[in-house]
Novice: 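Take this structure, written in structure tokens, and hold onto it; I'll ask about it next.
Values reported hereafter were calculated over all heavy atoms of this structure, with side chains retained and with hydrogens, waters and symmetry mates removed.
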Amino acid sequence: MARPGRPSDEQSEGTTGRPDRKDNELGSAEAAAREHVTSVLREEADKISDRWVQLQLAQPSLDGEVSEAELGEEADALVSALLSGLELGLPIERVVTAHEEIHRTVSEISLRRARRGVSPTATSLAVLSLKEALLEAVQRRTRAADDLFGSAVLINRLLDSAGALAFETFVEGREEIIRRQSQQLLEVSTPVVRLWRQVLAVPLIGTLDTARTQVVMENLLQAIQEHEALVAIIDITGVPTVDTAVAQHLMHTVNAVRLMGADCVISGIRPPIAQTIAQLGIDLSTILTRATLADALSEAVKLTEAAGSDRAPLDRR
């Protein structure tokens with residue numbers, strides 16, 4: 001006889017058995033919903049794709065950034081990939097992330113919109129609008145309310161993952177675009193100009209930081225090699241201030257130029273900059289400096305004319 005307040009063995013087995021039966025029932029329901037959604041995708045793929053295209057075209061956020069033909073190709077590709085992923089038998093939570101075709105298709109859709117300036121919200125909503133197209137197809141082929149509910153839950157879980165992946169990929173893609181554009185702007189803002197035979201110049205405008213110094217150095221050294229330059233002029237007329245950090249960047253560039261066998265002249269030393277350099281105790285005595293680009297060019301021409309088997313020493317007076 002069981003003690004009062006303590007469940008009997010039969011009760012314990014029954015109690016522990018109920019979650020198992022419940023899990024089995026949930027698993028069976030999910031399997032049935034999965035089979036049903038897979039069947040709908042297989043038999044109504046074209047209708048689902050066409051409907052999804054129409055839903056996206058109705059969204060004002062796209063605003064013609066993606067053509068109807070492109071939307072159609074994307075829809076066919078993603079619907080086909082979803083069908084393949086569901087047939088593979090992966091857990092619903094991992095279908096989008098683990099199935100290579102689905103992951104690639106969603107990523108390509110997102111990156112295409114990122115490159116065309118569509119917002120990340122609009123991109124995610126475009127992917128999530130496939131829910132409506134797929135639910136409409138399921139509803140047409142479902143009579144029982146429980147079956148419809150189970151299919152709707154599965155579709156939401158599946159496409160919520162797709163929407164999250166689209167948003168994440170979009171953000172990463174946009175960041176990469178911004179980094180690439182920043183690099184291009186750096187290169188454009190630091191041109192190397194050939195002023196005279198074997199004389200190059202780099203007119204700098206704006207703040208000179210570590211990243212920009214690296215670009216200046218790479219471009220200048222490459223140009224020295226290509227043009228067999230003997231003198232490189234770094235013009236800082238457009239640099240608003242020169243502090244210790246800027247001076248260090250300039251010194252590194254000058255040292256790199258000298259290692260290439262060329263001389264370096266810094267021009268654009270205005271009175272305020274000269275005062276700042278003196279106050280900070282920055283030593284530029286080993287570098288040839290001139291007040292203007294014209295003065296620097298005149299000195300560079302003298303150096304190239306005097307160059308021979310033995311190059312003339314620099315006049316830093």
Side-chain angles (χ1 to χ4, degrees), residues 178-317:
I178 293 172
R179 283 194 295 270
R180 188 164 57 249
Q181 290 176 340
S182 298
Q183 181 66 21
Q184 292 171 348
L185 287 173
L186 276 176
E187 293 174 356
V188 170
S189 64
T190 54
V192 179
V193 183
R194 185 172 181 268
L195 296 182
W196 199 263
R197 186 176 62 87
Q198 296 181 311
V199 177
L200 302 176
V202 183
L204 298 178
I205 299 175
T207 304
L208 189 63
D209 55 16
T210 303
R212 194 174 179 201
T213 301
Q214 186 64 31
V215 174
V216 170
M217 190 181 301
E218 291 175 358
N219 292 347
L220 182 55
L221 296 182
Q222 183 65 33
I224 289 173
Q225 183 179 28
E226 291 177 358
H227 297 283
E228 299 181 350
L230 295 178
V231 182
I233 301 172
I234 300 177
D235 183 64
I236 62 172
T237 304
V239 177
T241 58
V242 174
D243 55 16
T244 305
V246 172
Q248 288 296 325
H249 293 322
L250 291 173
M251 290 291 294
H252 291 158
T253 303
V254 171
N255 291 336
V257 169
R258 287 174 174 170
L259 287 174
M260 292 290 292
D263 288 318
C264 194
V265 183
I266 296 180
S267 64
I269 305 292
R270 305 184 305 279
I273 289 181
Q275 291 178 8
T276 302
I277 291 175
Q279 291 170 358
L280 292 175
I282 300 171
D283 184 14
L284 297 180
S285 60
T286 59
I287 302 174
L288 178 60
T289 60
R290 290 294 180 266
T292 66
L293 180 59
D295 293 339
L297 177 58
S298 176
E299 186 65 31
V301 171
K302 292 177 184 178
L303 289 172
T304 58
E305 290 176 348
S309 56
D310 294 322
R311 297 174 59 186
L314 296 181
D315 180 11
R316 294 188 175 84
R317 290 177 298 173

Novice: Throw together a table of side-chain donor-acceptor distances under 3.5 angstrom for residues 269-282, partners on residues two or more places apart or in other chains.
Specialist:
residue	atom	partner	partner atom	Å
R270	NH1	T237	O	2.6
R270	NH2	V239	O	3.4
T276	OG1	P272	O	2.9

Novice: Find out whether D235 and L204 are in side-chain contact, i.e. whether some heavy atom of one side chain is under 4.5 Å from a heavy atom of the other.
Specialist: no
Novice: Just wondering, do T286 and M251 contact through their side chains at under 4.5 Å, heavy atoms?
Specialist: yes
Novice: Testing the basics here: between P203 and A201, what is the closest heavy-atom pair and its distance to 0.1 Å?
Specialist: CD-O, 3.7 Å
Novice: I want to check something: taking the side chain as every heavy atom from C-beta on, are I234 and V265 in contact at a cut-off of under 4.5 Å?
Specialist: no
Novice: Starting at CG of D263, measure out to CD of E299 and round the result to the nearest 0.5 Å.
Specialist: 9.5 Å
Novice: Looking only at heavy atoms, what is the nearest atom pair of V231 and A300, with distance?
Specialist: CG1-CB, 3.6 Å
Novice: Run the side chain to side chain donor-acceptor pair (under 3.5 Å) test against Q225 and tell me which residues pass, sequence neighbours left out.
Specialist: none
Novice: Side-chain donor-acceptor pair under 3.5 Å between E218 and Q222, yes or no?
Specialist: no
Novice: Given V192, which partner from the list V216, L221, N219 fulfils the side-chain contact (heavy atoms from CB on, under 4.5 Å) test?
Specialist: N219
Novice: With sequence neighbours excluded, what pairs up with T292 under the side chain to side chain contact (heavy atoms under 4.5 Å, CB included) test?
Specialist: A294, D295
Novice: Counting C-beta onward and ignoring hydrogens, is there a side-chain heavy-atom pair between T304 and V199 closer than 4.5 Å?
Specialist: yes
Novice: Please tell me if the side chains of I233 and L200 come closer than 4.5 Å, counting only heavy atoms from C-beta onward.
Specialist: no
Novice: Going by heavy atoms in the side chains, are R194 and H227 under 4.5 Å from each other?
Specialist: yes
